[in-house]
Amino acid sequence: MKYIFCYILAVLSLIMASKMSDDELLKFVLINVSSSLVVLPIVFIFYDLYKKALSYKASKLVNKVIEKDINDIFLKFIYFTTHFYKEFTSEQDYDAYELDNELKKNEKEIFEKVSGNIHHGYFIFSIFDDFSRDINRAINKDTIIKSISLKELAVLQQFINDFSDFKNCFSWIQKNDFIKYKDLSGVLIIESKHAKSEDDDEVLYDVSDTSNKEKIATYYMASYRLFESPILTSGYKFSGNKSFEISNCLFKLYSDINKWKKIKNIDNLHFDNCTISANRLHLDSNIVFNEHMNTNFSIRSQF
């Protein structure tokens, strides 16, 4: 429809040329103009199709980048949640390939896991990894934000909101909700000499297992808004109400991830390579291995 003006001019030029029997040059020019006006829309149509094909290809590539970045964040988050189901330990025996199965838990199953677990103070009173920040970083780029759909944005924003609600479960610590259960033995918490927090105002601490005198191993790193070693080296049980509040938040967050999977037509969240270090999941994007070097393994972390 937008090229109809070209065809009208082409017809008018042809009519005018047919009426000019005495001026062969002008007639020749009008016929050529008419021919050009007929061809011009076809050229533009092919150009538009070419641009659309390039745009579609670029959009697919950008969407792959978005999907991988968001999937990696969700996988790390799911691994983080498993610490609420099983008592924290320096032994890392969780099968990371089972992570997607966590999303199948219903609210009752989550509640039973959360309420039945002994929660270590150095974990539940730590400043949790900021998965909301990671999502915002992944999508707040000009090339990304233009390619992501409103439906996808809505799901990601809902996850950010629900994660904020989850963190609020740990902002007001009351003794009748966080019930001291036992003292933890063989736990040492000291300021880290190997890593720094992204926030210059936060001190990063190593949580180490001292039960093996020959080798003290760090198995968690975190920052704390309030630091008292005896409190952090204790085990706690959640009250029924607190367990319900936390499990309800976790179920909502799992539901958000399942919505993302449905929108993106993902059967299972997967990864090519991973390792578990300091009780965090690290994926191939932040693992570097160089066999030539004596210190040949590096994990880039954000706390």
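Values below: every heavy atom of this structure, side chains too, minus hydrogens, waters and symmetry copies.
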> Are Ile70 and Ile263 connected, step by step, through hydrophobic side chains (Ile, Leu, Val, Met, Phe, Trp, Tyr) whose heavy atoms are closer than 4.5 Å?
Replying inline: yes

> Between atom CZ of Phe131 and atom NZ of Lys167, what is the distance when rounded to the nearest 0.5 Å?
Replying inline: 10.0 Å

>> For a 4.5 angstrom cut-off between non-hydrogen side-chain atoms, does Leu188 reach Tyr205?
In response: no

> Between Lys261 and Asp267, is the closest basic N to carboxylate O distance under 4.0 Å?
Replying inline: no

> Would you say Asp100's side chain and Leu269's backbone share a donor-acceptor pair under 3.5 angstrom?
Replying inline: yes

>> Which label fits His83 and Tyr220: parallel for a plane angle under 30°, tilted from 30 to 60°, or perpendicular past 60°?
In response: perpendicular

> Does Lys242 reach the side chain of Val114, with side-chain heavy atoms less than 4.5 Å apart?
Replying inline: no

> Is Ile118 linked to Phe238 within one hydrophobic cluster, defined over Ile, Leu, Val, Met, Phe, Trp and Tyr using a side-chain heavy-atom separation of less than 4.5 Å?
Replying inline: no

>> On a heavy-atom basis, which atom in Ser239 and which in Asn176 lie closest, and how many Å separate them?
In response: CB-O, 3.3 Å

>> Would you compute the distance between atom CG of Asn117 and atom NE2 of His119 and round it to the nearest 0.5 angstrom?
In response: 4.5 Å

>> Evaluate Trp260 against Asn71 for side chain to side chain donor-acceptor pair (under 3.5 Å), listing each step before the verdict.
In response: CA-CA 9 Å; Trp260 169 262; Asn71 289 355; 3.0 Å; yes

>> Is there a path of hydrophobic side-chain contacts, each under 4.5 Å between heavy atoms of I/L/V/M/F/W/Y residues, joining Ile231 to Ile190?
In response: no

>> Are Ile189 and Ile173 linked, directly or through intermediate hydrophobic residues, by side-chain heavy-atom contacts shorter than 4.5 Å (ILVMFWY only)?
In response: yes

>> Once rounded to the nearest 0.5 Å, what's the spacing between atom CG of Asp256 and atom CD of Gln157?
In response: 10.5 Å

> Any idea how Phe163 and Phe159 line up, ring-wise: parallel (<30°), tilted (30 to 60°), or perpendicular (>60°)?
Replying inline: parallel

>> Rounded to the nearest 0.5 Å, what separates atom CD1 in Ile148 from atom CG in Leu153?
In response: 4.5 Å

>> In this structure, is the centre-to-centre distance between the rings of Phe227 and Phe125 below 6.0 Å?
In response: no

>> Please give me the minimum heavy-atom distance between Lys237 and Ser115, naming the atom from each residue.
In response: NZ-O, 3.6 Å

>> Go through it in stages, so that I can follow the logic: the residues are Glu152 and Lys264, the test is salt bridge (Lys or Arg N to Asp or Glu O under 4.0 Å), and I'd like the CA-CA distance, side-chain angles, deciding distance and then a yes or no.
In response: CA-CA 8 Å; Glu152 291 166 357; Lys264 303 298 288 182; 3.1 Å; yes

> Is the shortest side-chain N to carboxylate O distance from Glu87 to Lys182 below 4.0 Å?
Replying inline: yes

> When you look at Ser164 and Ser132, which way does the side chain to side chain contact (heavy atoms under 4.5 Å, CB included) test go after all the steps?
Replying inline: CA-CA 8 Å; Ser164 178; Ser132 298; 5.8 Å; no

>> If you apply the rule side chain to side chain donor-acceptor pair (under 3.5 Å), what do you find for Asn101 with Glu98, and how did you get there?
In response: CA-CA 6 Å; Asn101 290 332; Glu98 295 297 319; 2.5 Å; yes

>> With a 4.5 Å cut-off on side-chain heavy-atom distances among I, L, V, M, F, W and Y, is there a chain of contacts connecting Phe244 to Ile110?
In response: no

> Under 6.0 Å between ring centres, would you say that holds for Phe88 and Tyr122?
Replying inline: yes

> Is the backbone of Glu109 close enough, under 3.5 Å, to the side chain of Glu112 for a donor and an acceptor to pair up by distance?
Replying inline: no

> Does the side chain to side chain contact (heavy atoms under 4.5 Å, CB included) test come out yes or no for Thr218 and Val207, once each step is laid out?
Replying inline: CA-CA 6 Å; Thr218 296; Val207 180; 5.8 Å; no

> Between Ile78 and Ile257, what is the shortest heavy-atom contact and its length?
Replying inline: CG1-CD1, 4.1 Å

>> In terms of relative ring orientation, are Tyr85 and Tyr254 parallel, tilted or perpendicular, with 30° and 60° separating the classes?
In response: perpendicular

> If you look at every heavy atom in Ser192 and Met221, which pair is closest and at what distance?
Replying inline: OG-CE, 4.3 Å

> Is any NZ, NE, NH1 or NH2 atom of the basic residue among Lys68 and Asp72 found under 4.0 Å from an Asp or Glu carboxylate oxygen of the other?
Replying inline: yes

>> Distance check, rounded to the nearest 0.5 Å: Asn241 atom CG versus Ile246 atom CD1?
In response: 11.0 Å

> Is the Phe170 ring parallel, tilted or perpendicular to the Phe84 ring (thresholds 30°, 60°)?
Replying inline: tilted

> Which heavy atom of Thr233 sits nearest a heavy atom of Val187, and at what distance?
Replying inline: CG2-CG1, 3.8 Å

> Taking it one step at a time, do Ile127 and Tyr224 satisfy side chain to side chain contact (heavy atoms under 4.5 Å, CB included)?
Replying inline: CA-CA 6 Å; Ile127 298 174; Tyr224 302 92; 5.7 Å; no

> Between Phe123 and Phe128, is the gap from one ring center to the other below 6.0 Å?
Replying inline: yes

> Ion pair present between Lys105 and Glu102, side-chain N to carboxylate O less than 4.0 angstrom?
Replying inline: yes

>> Between Lys76 and Asp129, does any side-chain N to carboxylate O distance fall below 4.0 Å?
In response: no

>> Could you report the tightest heavy-atom contact between Ile73 and Ala138, atom names first, then the distance?
In response: CD1-CB, 4.3 Å

>> So that I know where these two stand, are Phe251 and Phe111 an aromatic pair - ring centroids less than 6.0 Å apart?
In response: no

> Given the rule in the side chain to side chain contact (heavy atoms under 4.5 Å, CB included) test, do Leu99 and Leu281 qualify, once you have shown the distances and angles that lead to the verdict?
Replying inline: CA-CA 10 Å; Leu99 278 171; Leu281 180 71; 3.6 Å; yes

>> For Tyr181 together with Tyr236, are the ring centres under 6.0 Å from each other?
In response: no

> Between atom CG of Leu226 and atom CG of Leu232, what is the distance when rounded to the nearest 0.5 Å?
Replying inline: 9.0 Å

>> Has Asp206 got a side-chain atom pairing as donor or acceptor with Glu191's backbone, closer than 3.5 angstrom?
In response: no

